[in-house]
Every structure is written in C-alpha cells, then in structure tokens.
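Numbering of ligands and ligand atoms starts at 1, following listing order.
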Amino acid sequence: MTRTLLVSGMVLFTMTNLMSAADDVVSNVVLGIHGGIGVDKVDMTPDLDKQVRAVLTEALQAGHAKLKSGGSSLDAVETAIRVMEDSPLLNAGKGAVFTHEGRNELDASIMDGKTKKAGSMAGVTIIKNPITGARAVMEKSKHVMLVGRGAEIFATQQGLDIVDPSYFWTEHRWKAIQAIWKQEAELKNKRGALPVENLPPAKKSEYGTVGAVALDAAGNLAAGTSTGGMTNKSFGRVGDSPIIGAGTYADNEAAAISCTGHGEFFIRYAVSHEIVAQMKYKGSSAEAASHDVINRQLKDAGGEGAAIVLDKTGRFATAYNSEGLYRACITQDGKVRVRLYEE
Ligand code: ASP
C-alpha cells in the first residue's frame, strides 16, 4: 500500500513537473526561434504583440525558405537571426540594449552540430549582423571566438556590412538606460558612489536576445544566438550568448540549443551543453533535460531565463522560468506556431 502510494506519488510528481514544458513540444519542426524573455506581461500592448508576432513569423519563413531551397541548417539559423537582428523590436543588432556607458556592444555565436565547428564574436560595435560575423569566424578563420576591435577588423576584411555605432540606437532602449541612470543617480545621492557590481539588478524587461535552432534535410542540426546583452551591463562585459556550451550548442547526436536570460548563470551552469549532456548520457528527452536545467537548477540558483531545444528527430521543446518567452517554430510543411507567454 505504502509502496503503491509512493510510486503513484512519484509518477504524479514527475507528470506535474513536466507539464509546463510538455505543453510546448512540437514534432516535425525544422526551425525554432526565440526573441528573448520579452517584456513583462503588464507592459505588453496589442500593437507590440502584433509586431513581435510578425517579426518572429517573418524570421521563420525566411529560414524555412532557405531550407526548402536546399540550404543547410546553418543557413536557416543565420537567415532567421539576421531578420531578428534587423528588427528594432528585439535585443540584437538594431534595437540592442545599452551598456552602463551608453554604448551598444553586441555578442553572437553559431554552431554546426555535424562538425562541432563553432564561431563567435563578442563586444562588437560596428558589425550590422553579428551572427554573420560569428559564422565568418567559424568558416573563414582558424579561431572560434574573436572579440572587440580584432573581431571588427576581421569582419571588415571579410567584406561584411559595417555600420556606424549610431545605427544600433533606438528610442525605447535609450529611454530604458536613461531611466536606470536616473535611478542610479538617486541611489548615489542617498548612499554615495556605487561600485559597478552593486548596480541595481536588471528588470525582466531589460533582457531579450534572439536565437535559432534548425534541422536540415541531411539531418544536420545547427544553433545560433545573438544579443545586445543585458541593459546597463558594464563596459566589456560578455554574457553567455557568444559562449559555446553556455548560450549556444549543437550536436547531431542530441540537439541544438539556444538560450536567453541572465547570462552569468548560463555561463556558470554551462546550460546549453548541460542540456545536451543530459540527453546524450542520461537519455533524457529535450523537454525533460531543458526543464531540469531551466526550471530546477537555474531557478534554484536564482537565474532567470529560457532555452529552446530542437532534437535530432525534429521535436521542439522550450523551457522558461520567466513570465514569458517569445518563441516560435515552423514544421517541415510550413506550419507556423508563435507564443509569447503561457498559452
Ligand atoms: N543572455 C543574454 C546575456 O546575458 C541576455 C538575454 O538573453 O537577454 O547577455
């Protein structure tokens, strides 16, 4: 009796634990994307909702068209991310958040699940599409990661689109950093100078990053992530997005992953690799592994964020411990699904 109760208790516990992740699983997916944790639900307006859904759909359709014309999963990931980088709505490329010093410093990475080759860029200020810069590092250099000026010189030599730093400026991000500066000035008046590590914690609405995971006809997985980082980040701070194994990972034997959230936690918990490792070595499903890492490990540690996972069979799962996650996917036959919050 006791054993039966215990066993059914365990089954019930496991089912309850998986419920929030399981309702987000979609099969036959060839491309999945995210646009970050998004804004707090109270700040969402019908107009913004419409615009976000439109850009996510456009990114999916552009990536899907690549796949349909014989492009690789890397092509689909790069194409979808470029659309989101070009949108001022999302925190990547144009629309990136501002650093504490009032600049835009961008990070991106991409990984090929077949060869395990990867490329990334961090702290760049003049490269219009950092995801294309990351891919160039992977394919045209002997390195995995280039930062700052070196990355910018490399991108210029590769003939990538170079812009003036002012290209990345958007009014809503500028207002956000100004509000923080005001808050800091008030605190400083009350408490004296604030060391940078004591800056007020970021609010949910200050996060946001874009990412994509894809599976092509040859069965190859790829993942990519691009971001402006976290609002009010310190000059030179690098988050998880350009770090392979933290914000991005792809392995044909398991899955492709892209993350978003409080980057320091994602680096410390090697989140994207941890999800792949649980799938490979423990036999966990995409939803169970992502749920364990995001909704248990990270949540217990106080790290807010999310991951999208596309496994080698085309099952797309998402996990988030935040109020919402801008996420979308497209199946092989072109069926689009977009979600922003719990739906
Ligand atoms: N993970 C990104 C970073 O920490 C931010 C985000 O996803 O919103 O730089």
Side-chain angles (χ1 to χ4, degrees), residues 33-40 43 52 56 81 84-85 87 89-100 103-110 120-125 130-131 134 145 147-148 168 170 172-173 176-177 180 196-197 199 201-213 223-249 257-275 290 293-294 298 301-309 318-327 340:
I33 58 173
H34 70 81
I37 290 171
V39 300
D40 293 333
D43 296 328
V52 170
L56 294 179
I81 290 183
M84 295 189 281
E85 285 179 338
S87 164
L89 288 179
L90 304 170
N91 174 21
K94 184 157 184 75
V97 299
F98 285 91
T99 64
H100 184 60
R103 287 160 38 107
N104 304 108
E105 293 181 9
L106 314 176
D107 303 333
S109 66
I110 194 163
S120 95
M121 285 196 159
V124 295
T125 59
I131 193 66
M145 187 171 200
V147 305
F168 299 106
T170 52
H172 66 292
R173 300 296 187 198
I177 192 70
I180 291 174
V196 82
E197 60 272 19
L199 295 177
K203 287 186 287 180
K204 275 182 206 157
S205 55
E206 292 157 15
Y207 300 138
T209 279
V210 309
V213 287
T225 310
S226 180
T227 190
M230 286 168 67
T231 304
N232 204 31
K233 67 184 180 182
S234 159
F235 167 63
R237 177 264 188 187
V238 174
D240 60 310
S241 308
I243 297 185
I244 299 303
T248 303
Y249 203 75
I257 319 239
S258 173
C259 301
T260 178
H262 195 152
E264 279 70 10
F265 288 89
F266 282 74
I267 296 171
R268 288 166 47 209
Y269 284 77
V271 168
S272 58
H273 188 268
E274 171 71 18
I275 292 171
S290 55
V293 181
I294 300 293
L298 238 59
E304 185 174 35
I308 61 168
V309 186
T318 63
Y320 55 96
N321 63 31
S322 44
E323 193 183 10
L325 169 69
Y326 295 170
R327 59 207 188 276
L340 306 188

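Residue contact check for ligand 1: Gly247 places no non-hydrogen atom closer than 4.0 Å to it. Heavy atoms of Gly36 come nearer than 4.0 angstrom to ligand 1 in no pair at all. Within the 4.0 Å heavy-atom shell around ligand 1 one finds Arg237.
Between Phe265 and Tyr269, the ring-plane angle classifies as parallel under the 30° and 60° cut-offs.
Checked against a 3.5 angstrom limit, the closest N/O atoms of Thr209 and ligand 1 fall inside it. Among the atoms of Gly239, none of the N or O lies under 3.5 angstrom from an N or O of ligand 1. For a threshold of 3.5 Å applied to N or O pairs, the pair formed by Cys259 and ligand 1 contains no separation below that value.
Compare Gly35, Ser241, Gly261 by their heavy atoms: the one nearest to atom 5 (C) of ligand 1 is in Gly261. Counting only non-hydrogen atoms, the option in Thr260, Leu90, Ile243, Thr227 that gets closest to atom 7 (O) of ligand 1 is Thr260.
At distances below 3.5 Å, not a single donor-acceptor pair connects side-chain atoms of Asn232 with backbone N or O atoms of Ile180. Panel note: side chain Asn91, backbone Val97; a donor-acceptor pair is recorded below 3.5 Å. Using modelled atom types, no side-chain atom of His262 and backbone atom of Glu264 make a donor-acceptor pair closer than 3.5 Å. Under a 3.5 Å cut-off, the side chain of Glu105 and the backbone N or O of Gly236 do form a donor-acceptor pair. Not a single donor-acceptor pair under 3.5 Å links the side chain of Asp240 to the backbone N or O of Phe266.
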- Task: Report the C-alpha distance between Tyr326 and His34 in whole Å, list the side-chain angles of each, state the deciding distance to 0.1 Å, and finish with yes or no for ring pair (Phe, Tyr, Trp, His ring centres under 6.0 Å).
- Result: CA-CA 5 Å; Tyr326 295 170; His34 70 81; 9.8 Å; no

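Close approach of ligand 1 to Asp240 is summarised as follows: ligand atoms under 4.0 Å from at least one heavy atom of the residue are 1 (N), 2 (C), 3 (C), 4 (O).
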